[in-house]
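Heads up, the thing below is written out as structure tokens.
Naming: A, B, ... by sequence-line order, numbering from 1 per chain. Hydrogens, waters and symmetry mates are skipped; everything else that's a heavy atom, side chains included, is used.
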Amino acid sequence: MRVEERVEQGGWLGESLPPFIGLHRCGTPDFRGRARLSAGAGLEYFLQQMINGLTLGSIYGLIAIGYTMVYGIIGMINFAHGEVYMIGSFIAVIAFTLLSAAGIAAVPLGIVAVLLAAVFFTAVYGWAIERVAYRPLRGAPKIAPLISAIGMSIFLQNYVQLAQGARVKPIPPVVRGSFELLHLDGFTVRLTFIQIFIILTTVVLMIGFTYLITRTSFGRQQRSCEQDRTMASLLGVNVDRTISATFVIGAALAAVAGVMVTMYYGVVDFYIGFLAGMKAFTAAVLGGIGSLPGAMLGGLLIGLIEALFSAYFSIEYKDVASFSILILVLMFMPSGLLGRPEIEKV
Amino acid sequence: MPMLELQGIHTYYGHVQALKGVDVTVEQGEIVTLIGANGAGKSTLLMTICGNPRATRGKIMFEGQDITRAPISTIVRQGVQQVPEGRRIFSRMTVLENLQMGATLGDPAHYKSDLDRMFGMFSILEKRQTQRAGTLSGGEQQMLAICRALMSRPRLLMLDEPSLGLAPLIVKQIFKTIQDLNRENGTTILLVEQNAFHALKVAHRAYVLQNGEIRLQGSGQELLSNPEVRALYLEGGHHAP
């Protein structure tokens, strides 16, 4: 495949490595060429960045849910969550490679199979991490599980590096093609099929997830454990199982994000979990840690902010934009956009 | 055989010994009241029965079974429910969701009729069922906490200071409900109170807990007329009727 095609698909050259950090550049005739665009293209350029930002934000939002749910129920930041997402991406790479080796050509069926495999195996990882690294520390001072989480994160990174190698793993593009939404002055606003897939999948998952938490008896038990674990256990709720399920759900959503990122950028490596995890954590804090709608909103905002900052200011410093937001929110609005203030009426 | 039997229970909170060899028995169908000052170990006693914290010494028997070391889930599955200190309703959930949480261990077939029974008992809860529980008044929260515990049809209901901080009229209503539950449904009740007057009046039998030890016991009437109880918990205290 020609390199230009590859860039069109999502880019894997130059500064777009490691893959997650790279922004989708399709539709930009010359990345630094904004100044050369005529005034009429301003809106199109902006629109394109919004599309890119929404795509990225969907991914962040899915990962952020895992952070916020775990924080909600055991009051701890699961710093290994980014790694869980990375493992989801790797399972996607393995599954796509196996599928293409088996010569299975049906794309929709293939994607469903890969999603299922990634969700299953990643959920097992999520469950095992809680079991091994956090449950034995239940009731310990808060710093202990935090350190355990960081250790788990380092372990998983190195484990994947050892098992899969340090090199970047590419997969052939799975879904090609795009809609041309607008064409003006040599600038084309594109909405690729894969972007549509990512945004739609995210919307569907978030609706389903919201239903699960707000309407089902599992969701009620989950929320009751979040508010008062002792009381929940006195009413007969199996608290340990509910916490396990929380990790499994968080991991499953991160796995879907991992699969979609793999399809979007076409490459993964063992280090992608760190930055994506930190961004999603920022998203969760921005939305208000512990708040599920907050995590979704925060994810979208961080995605948009990153896309717009890269487009209008500097792509090299886009991480600075995200993490400045983290610092500002922690300093001036620690409960985030939709979070509850820490002080509660007694 | 008593329904609940505590034999020489010792419980610690960290290094602080909260219970020092407590013996309490509750017979099937009784209302048993436990009175005592702040910090006497009343709440600890109820929580110890549910296994959180654990008794370090002694034995807890429920209907002939030793539940001293049983997991919390096993204990509550036997039909032991608690309206804990401070009510501990789920304030960010709706009133209805709180009641649904109470039905976690209940038979789903009884859910609808139990819910109607609760709404019949406290109609205000029906009016407020879609409201967040945290927005209820103190008295309404107490009603909700009691109903939540009742949703699983417990065999032993333990109430920890249900009258705390409530207006006198509401207190009356709560104690009347407790008596009705005992008379009409035969629910066995273990009641912990600082409000000694009401609590002793409804009790079949009562204990006075002081510094983690049982100081006095007898029928509710006996203790009501006991000079020591009168001096310490009725006339002298600010919980006089």
If you tally heavy-atom pairs under 4.5 Å between each of Gly236(A), Ser233(A), Ser224(A) and chain B, the highest tally belongs to Ser224(A)
Among the listed options Asn238(A), Thr230(A), Val239(A), the residue most often paired with chain B at heavy-atom distances under 4.5 Å
Thr230(A)
Applying a strict 4.5 Å limit to non-hydrogen atoms, the region of Met47(B) in contact with chain A is side chain
Do [X] and [Y] have side chains that approach each other closer than 4.5 Å (heavy atoms only, starting at C-beta)?
| X | Y | value |
| --- | --- | --- |
| Val237(A) | Met101(B) | yes |
| Ser217(A) | Gln100(B) | no |
| Phe90(B) | Arg223(A) | no |

Looking at [X], I want to see if its [atom1] is surrounded by more than 12 non-hydrogen atoms of other residues, nucleotides or ligands under 6.0 Å.
| X | atom1 | value |
| --- | --- | --- |
| Arg241(A) | CZ | no |
| Tyr211(A) | OH | no |
| Phe120(A) | CZ | no |

[atom1] of [X] to [atom2] of [Y]: how many Å apart, nearest 0.5 Å?
| X | Y | atom1 | atom2 | value |
| --- | --- | --- | --- | --- |
| Thr104(B) | Leu234(A) | OG1 | CG | 11.5 Å |
| Gln227(A) | Arg92(B) | CD | CZ | 4.0 Å |
| Asn52(B) | Met231(A) | CG | CE | 11.5 Å |

Which atoms form the tightest heavy-atom contact between Arg148(B) and Leu235(A), and what is the distance?
CD-CD1, 3.7 Å
Please list, in residue-number order, every residue in residues 66-88 of chain B that has a heavy atom less than 4.5 Å from any heavy atom of chain A; write 'none' if there are none.
Ile72(B), Val76(B), Arg77(B), Gln81(B), Gln82(B), Pro84(B), Arg88(B)
